Amino acid sequence: MPGPSTAILWFRRDLRVHDHPALAYALANFDQVVPLFVVDNRLVHGRWRSPNRLWFLAGALRSLQHELRERDSALTVVRGDPTALVPRLARETGATAVIMTRDLTPYGRWRDVSVSLSLSASGIRHVAGRGLLVHEPEEVPRPAGGPFTVFSPFHRRWLAAPMRAIEPAPSTIATPPEVTAAPDVGPGELLGDPVPTADRALLPDPSEAAARRRLDRWAGSEALLDYAAGRDRLDLEGTSRLSQDLRFGLLSPVDVLVRTGGDGSGHRRFHSELAWRDFYAHLLWHLPRVARESFRAELDGVAWSTDAGAIESWRTGRTGYPVVDAAMRQLLATGWMHNRARMIVASFLTKHLGVDWRVGEAHFMAHLLDGDPASNNGGWQWAASTGTDPQPWFRIFNPTLQGRRHDPDGAYVRRWVPELAGVPGLDGADVHEPPPGVYLDRIVPHADGRSRALAEYARATGMPDSRDSRRRC
DNA sequence: AGCTAGTTCTG
DNA sequence: AGAACTAGC
Ligand SMILES: Cc1cc2nc3c(=O)[nH]c(=O)nc-3n(C[C@H](O)[C@H](O)[C@H](O)COP(=O)(O)OP(=O)(O)OC[C@H]3O[C@@H](n4cnc5c(N)ncnc54)[C@H](O)[C@@H]3O)c2cc1C
């Protein structure tokens, strides 16, 4: 009589036990499950390394260890090369399959192919399934093939695609006793004891339980009802703040969608933001080249500025534009930035300062708790007008007007630029336009930044006539 | 999920 | 003078 069948469940950015399709699959098809996380050296040393995200990851792994212990199981955490370590653990535990949530980034795909090749050499199966997104790329196909390059037709198909059922958290996970007998390894140690660069007191609790509480609160909030308008207010808590939980998979996007169910304008708008997340993930899957290159190749002919002083002023929040500086300081202090603010600062860097979007992309990846290769790249290429369905390049934000409109009382600026709080005579939205001498000099006057951007983009695109420009609106 | 500059309308 | 409108980037 054969022994119990065993599968490895390889966790990556799906660090939860609720609504976990790969976990449900493993439990339904195998007698025993061995949960595993591999600290890939790339996490600690790679291009997108971030102390803030490593700190969050360490906490999320401790949370997962706890959730698994509660269910009579345990998380094995090892550090090194997954291509070697995953097959080794499979052989040691007698596993005949490795189950995981499919990852769609260029590196994730390369890694998974290389692990699956080395597994099949040992006769071990490799099963990668859904769980990262609401819908997989194959579930929202473009009739003509390839990726959707415009959001609205994608969104129509996305809304029409059938939704999978929620998988409840299991009450117990059968795991080999030699695995549960081993004490939990402190993930912080394997991650190099990460110290966040953001202010610890302003960081969210990185546990699944806390993420579920955040979701509960958001699902029952007034802000969700008012999200269609409130999402653009820099000075209010008008958005869900669930991005880091979706990034690390403490929450599944399907769970978020179902729990925020409703047909009001706020609900529908919120769901469409989850569709944007899928849109950019699918795009990167179809066209991995956009990770490095502009989607609109002709715009890689823009002569980007490399002015190190200007870039440093932008990074540290010292451009002289109050709303830009508030946003950049919010990022450094909290590892998060409001979506409207991301658009404003990305537009400012790429248009007013004429700096390559990849410089901004890298800075965001170094600090954002929700830093995600697909959404971040999509957001930057949108703002730089190099992407799919981008901001047309001639629509350039005026940071002062954006601040007045979306921070109408100036509270956002006063929160993050304290030297502008309590300046006599600088009341309400006027904080967005401090008179000369009151605040830092603007590193470039708006009119100059705007006209140099218009000239450079016109040159790079071969100065299309106005009919072409209008068609892209 | 633009903004500017120029023109025409209004009082 | 200032609103309202609009072509063009
Ligand atoms: C230049 C730039 C860079 C960005 N980089 C990232 C990033 O690295 N990671 C990231 O998750 N989002 C990124 N975004 C999208 C968006 O700004 C954040 O998802 C959002 O601000 C997170 O806050 P929230 O959870 O309160 O959002 P909510 O408004 O509550 O939205 C709910 C969820 O929908 C998703 N979402 C919302 N807006 C977008 C969007 N435009 N694109 C893709 N997904 C979206 C996020 O998962 C978010 O948590 C970027 C946007 C821009 C303009």
Side-chain angles (χ1 to χ4, degrees), chain A residues 148-156 158 226-234 236 238-240 243 265-266 268-280 283 295-296 298-299 301-302 321 323-324 327 337-354 357 360 364 374-408 429 432-433 442 444-473:
Chain A
F148 281 98
T149 55
V150 177
F151 179 71
S152 50
F154 170 86
H155 191 208
R156 274 193 293 280
W158 186 89
D226 200 35
Y227 178 77
R231 66 185 301 275
D232 271 329
R233 284 290 295 265
L234 295 167
L236 306 177
T239 68
S240 72
S243 51
S265 61
R268 286 205 308 272
R269 188 59 195 264
F270 180 69
H271 299 160
S272 82
E273 298 307 326
L274 296 171
W276 274 104
R277 182 173 175 272
D278 283 12
F279 178 71
Y280 286 135
L283 179 74
F295 171 75
R296 288 183 56 186
E298 73 273 22
L299 284 171
V302 169
Y321 286 88
V323 77
V324 172
M337 191 195 291
H338 192 284
N339 179 62
R340 169 59 57 175
R342 297 187 201 201
M343 299 195 303
I344 295 169
V345 304
S347 171
F348 187 82
L349 183 73
T350 56
K351 305 286 166 65
H352 289 74
L353 301 183
W357 58 267
F364 271 31
S375 294
N376 190 48
N377 181 277
W380 275 97
Q381 294 222 41
W382 178 87
S385 308
T386 64
T388 48
D389 209 358
Q391 174 86 318
W393 56 263
F394 47 83
R395 284 189 194 163
I396 295 171
F397 284 148
N398 177 331
T400 306
L401 294 181
Q402 287 286 312
R404 286 185 175 278
R405 189 174 307 147
H406 301 296
D407 178 29
H432 294 289
E433 238 166 326
R442 299 176 170 201
V444 56
H446 168 65
D448 295 359
R450 178 172 195 272
S451 50
R452 68 143 293 298
L454 287 173
E456 181 52 24
Y457 274 76
R459 193 197 57 75
T461 53
M463 300 213 190
D465 67 38
S466 52
R467 282 180 60 248
D468 284 345
S469 302
R470 214 166 324 136
R471 206 174 295 138
R472 280 197 295 274
C473 289

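Quick note: numbers below take in every heavy atom, side chains included, and nothing from hydrogens, waters or symmetry partners. Fair warning: this is a prediction, and the values are worked out from it, not measured in the lab. Residue numbers begin at 1 in each chain, while the letters A, B, ... track the order of the sequences.
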Exercise. In whole angstrom, what separates A/Asp448's CG from C/dC9's P?
Worked result: 19 Å
Exercise. A/Trp393 has an atom CH2; how far is it from atom C1' of C/dG8, in whole Å?
Worked result: 10 Å
Exercise. Quick one: do A/Glu273 and A/Arg277 make a salt bridge, cutoff under 4.0 Å?
Worked result: no
Exercise. Is any side-chain N or O of A/Arg450 closer than 4.0 Å to OP1 or OP2 of B/dC3?
Worked result: no
Problem set entry | B/dT4 phosphate, OP1 or OP2, under 4.0 Å from A/His446 side-chain N/O | yes
For this session: Check the distance between B/dA1's P and A/Phe151's CZ and give it to me in whole angstrom.
Result: 15 Å
Exercise. A/Phe397 has an atom CZ; how far is it from atom P of B/dC3, in whole Å?
Worked result: 7 Å
For this session: Please state how far atom CD in A/Gln391 lies from atom C1' in B/dG2, giving the value in whole angstrom units.
Result: 7 Å
Exercise. Counting only N and O atoms by type, is there a donor-acceptor contact under 3.5 Å from the side chain of A/His432 to the main-chain atoms of A/Asp407?
Worked result: yes
For this session: Report yes if a side-chain nitrogen or oxygen of A/Gln402 is closer than 4.0 Å to either non-bridging phosphate oxygen (OP1 or OP2) of B/dA1; otherwise report no.
Result: no
Seminar exercise, completed: Of the candidates C/dC9, B/dC3, B/dA1, the side chain of A/Trp276 sits closest to B/dA1
For this session: Measure the distance from CZ on A/Arg233 to C1' on B/dA1 and round it to the nearest whole Å.
Result: 18 Å
Exercise. Can you tell me if A/Gln381 uses its side chain to pair, donor with acceptor, with the backbone of A/Phe295 under 3.5 Å?
Worked result: yes
Exercise. Are any of A/Arg405's side-chain N or O atoms less than 4.0 Å away from OP1 or OP2 of B/dC3?
Worked result: yes
Seminar exercise, completed: A/Ile344 atom CD1 is separated from B/dG2 atom P, nearest whole Å, by 12 Å
Exercise. To the nearest angstrom, how far is A/His352 atom NE2 from B/dT4 atom P?
Worked result: 9 Å
Problem set entry | Side-chain donor/acceptor of A/His338 to backbone N/O of A/Arg231, under 3.5 Å | yes
